[in-house]
Amino acid sequence: MGNLFGKVVKGKKDLFMSMQTEFLIWDEQATDQLSKYIRSGEVVAFPTETVYGLGADATNPEAVKKIFLAKGRPSDNPLIVHVSSIEQIESYVTEISPAARRLIQAFMPGPLTVVLPSNGKISDQVTAGLDTVGVRIPDHPAAQELIQKANVPIAAPSANLSGKPSPTSAIHVFQDLNGKIKAILDGGTTGVGLESTVVDCTGEKPEIIRPGGVTQMEIEEVLGYPIELATEDVSEVQPKSPGMKYTHYQPDVPLILIDGDQAFFQAQIDEYRSNGEKVGVLASEELATILNADLIHICGTVENLSTVAGQLYQSLRVFKKTEVDIILAEVFPTEGIGQAIMNRLNKAANQIIKQEK
Ligand code: TXA
Ligand code: MG
């Protein structure tokens with residue numbers, strides 16, 4: 001009886017907690033409606049040029065708390081604040097260094113986030129108590145419309161359940177967060193497909209703390225000197241970007257990176273299959289078309305790595321445990337956007353198998 005009672009109570013609790021999530025196709029009326037929800041302290045998902053964001057009024061701590069609840073996100077991982085102008089950035093920071101200003105002018109609106117010293121106007125809920133704040137101006141008309149109409153800065157992480165691949169379509173958001181948020185704005189598939197590049201501009205020299213849509217080379221070209229990519233030693237007591245220490249981008253089944261040529265890759269597939277496992281393959285069209293496996297999913301071409309960036313997260317969501325036991329994925333070159341692609345794949349992976357050279 002005790003068990004039964006427990007189950008009944010749990011069921012009711014879930015029922016009370018779930019809310020009707022509205023699904024709106026992007027138009028002027030939809031952004032009017034969503035901006036009202038933001039202003040009244042609700043949480044809504046919206047498209048940006050990188051991935052879908054889960055937004056709330058950054059000046060309302062109660063609203064921001066709901067983001068963490070809906071995602072199951074650890075509260076010590078700060079959120080990026082989305083604004084629509086440089087003037088707005090200026091109003092939340094104590095200073096913008098000359099280097100930061102050059103980056104802002106070159107890449108915003110666009111897939112860049114700058115971390116700047118906070119003047120305290122953005123609440124601790126957003127910055128996780130840090131004395132810095134991450135800000136960006138998204139380059140998506142729906143996001144810009146929403147920020148302008150809401151007339152408040154919007155705190156927004158990616159609109160996925162914590163630990164899952166980021167959403168690049170409204171359907172992904174629906175799969176993860178239906179019943180947990182007020183509304184989803186469907187503006188189609190996002191373009192870049194990976195999150196913004198986060199650059200810490202609080203030190204002497206800017207430092208990339210998360211590779212993303214803007215490449216290291218593009219940033220260095222604007223600055224006129226080479227910069228560092230922050231180390232991602234997860235054992236570090238105080239990682240530069242708190243988000244570094246959590247598991248991320250996990251597909252439904254384990255993912256293993258295969259670092260080797262086509263024959264080596266096929267040998268790994270055959271080995272798993274000989275043990276009775278169903279093998280899924282995630283690879284470029286160049287490699288995928290010459291491999292044999294149980295399920296092969298093509299994610300773009302190595303000739304143009306931005307096609308891989310655009311399809312990566314959606315590809316990670318394709319493989320279901322009902323169909324495969326394991327995913328074997330290609331290792332991509334780390335040039336250009338490849339740096340961000342491999343950053344995400346390394347985090348999604350349980351293991352790397354390397355060919356002896
Ligand atoms: O493209 C993007 O950036 C997307 C879209 C929705 O804008 N947003 C996004 O947010 O990727 P999220 O929360 O999934 O990742 C934000 C990253 C985390 O790694 C977080 O630790 C870091 O930015 N971050 C935010 N504020 C920071 C700060 N003040 N100092 C250091 N890192 C910060
Ligand atoms: Mg995220």
Side-chain angles (χ1 to χ4, degrees), residues 43-56 58 64 67-68 70-83 92-93 107-120 122-140 142-144 146-147 153-168 172-173 176-177 185 187 190-203 206-214 230 232 234 238-250 309 313 340 343-344 347-348:
V43 167
V44 301
F46 61 96
T48 81
E49 81 281 26
T50 58
V51 299
Y52 273 72
L54 186 61
V64 173
I67 294 179
F68 288 89
K71 284 195 60 146
R73 180 178 175 111
S75 60
D76 65 343
N77 193 2
L79 307 178
I80 293 171
V81 177
H82 297 65
V83 297
Y92 301 116
V93 303
F107 300 114
M108 290 194 194
L112 176 79
T113 295
V114 287
V115 172
L116 296 167
S118 167
N119 64 9
I122 297 289
S123 79
D124 280 354
Q125 258 71 35
V126 174
T127 62
L130 298 173
D131 52 12
T132 57
V133 59
V135 277
R136 88 178 194 92
I137 305 176
D139 187 18
H140 190 295
Q144 290 187 352
L146 184 61
I147 298 165
I154 298 182
S158 49
N160 51 283
L161 280 176
S162 203
K164 294 269 155 215
S166 302
T168 52
H172 302 156
V173 181
D176 278 14
L177 297 171
L185 180 65
T190 61
V192 179
L194 298 178
E195 297 86 343
S196 62
T197 304
V198 182
V199 180
D200 181 356
C201 295
T202 60
E207 193 180 33
I208 298 179
I209 54 181
R210 180 182 70 183
V214 177
E232 290 212 38
V234 284
Q238 190 65 275
K240 282 274 166 46
S241 170
M244 285 178 177
K245 66 183 182 206
Y246 299 107
T247 54
H248 274 311
Y249 320 114
Q250 301 280 308
Y313 287 141
N343 170 271
R344 306 306 193 269
K347 287 185 182 183

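Below, all heavy atoms of this structure are taken into account, side chains as well, without hydrogens, waters or symmetry copies. Predicted model, so just to flag it, every value in this text is computed and none were measured. First listed ligand is number 1; within each ligand, the first listed atom is number 1.
Distances between N or O atoms of S196 and those of ligand 1 include at least one value under 3.5 Å. Considering both main-chain and side-chain atoms, T50 comes within under 3.5 Å of ligand 1 through a nitrogen or oxygen pair. When only interatomic distances are considered, the shortest N/O to N/O separation between R210 and ligand 1 falls below 3.5 Å.
Protein contacts to the Mg ion (ligand 2) involving N, O or S atoms at a distance below 2.8 Å are S158 OG.
Of all atoms in ligand 1, listed by their number and element, those nearer than 4.0 Å to a heavy atom of S158 are 8 (N), 9 (C), 10 (O), 12 (P), 14 (O). Residue I209 has at least one heavy-atom neighbour below 4.0 Å for each of these atoms of ligand 1: 31 (C), 32 (N). Less than 4.0 angstrom separates some heavy atom of N77 from each of these atoms of ligand 1: 18 (C), 20 (C), 21 (O). Those atoms of ligand 1 with a heavy atom of H82 less than 4.0 angstrom away are 5 (C), 6 (C), 7 (O). Listed by atom number, the atoms of ligand 1 under 4.0 Å from G53 heavy atoms are 6 (C).
Taking the side chain as every heavy atom from C-beta outward, P78 and V115 never approach each other to under 4.5 Å. Side-chain contact between S118 and D131 is absent, with no heavy atoms from C-beta onward closer than 4.5 Å. The shortest distance between side-chain heavy atoms of N160 and P165 does not fall below 4.5 Å. In this structure, L185 and V44 have side chains that are not in contact, with every pair of non-hydrogen atoms separated by 4.5 Å or more.
Inspection of the E195 and S166 side chains reveals an N or O donor paired with an N or O acceptor under 3.5 Å.
Taking P117 as the reference, T94, E95, T202 meet the side chain to side chain contact (heavy atoms under 4.5 Å, CB included) condition, with sequence neighbours excluded. Not counting sequence neighbours, the partners of A45 by the side chain to side chain contact (heavy atoms under 4.5 Å, CB included) test are L54, A159, V173, I181, I184.
Counting heavy atoms closer than 4.0 Å to ligand 1, residue L54 contributes nothing at all. Of all the heavy atoms of R73, the ones lying under 4.0 Å from any atom of ligand 1 belong exclusively to the side chain. Proximity of T132 to ligand 1, defined as any heavy-atom pair under 4.0 Å, is shared by backbone and side chain alike. With a heavy-atom cut-off of 4.0 Å, D200 does not touch ligand 1 at all.
Listed for the D176 side chain is a donor-acceptor partner under 3.5 Å among the backbone atoms of L161. Side-chain N or O atoms of R210 include none that pairs as donor or acceptor with a backbone N or O of A340 at under 3.5 Å. Judged purely by atom type and a 3.5 angstrom limit, K71 uses its side chain to pair as donor or acceptor with the backbone of S158.
Not a single heavy atom of T127 lies less than 4.0 angstrom from ligand 1.
Residue pairs meeting the side-chain hydrogen bond (donor to acceptor under 3.5 Å, both in side chains) criterion with at least one member in residues 43-52, sequence neighbours excluded: T48-T50, T48-R136, E49-R136, T50-R136.
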**Q.** Candidate pair H172 and V51, rule side chain to side chain contact (heavy atoms under 4.5 Å, CB included), full reasoning
**A.** CA-CA 10 Å; H172 302 156; V51 299; over 6 Å; no

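Here the CG atom belonging to L116 is positioned 13.5 Å from the OH atom belonging to Y92, to the nearest 0.5 angstrom.
Between A128, G134, P78, it is P78 that holds the heavy atom closest to atom 25 (C) of ligand 1.
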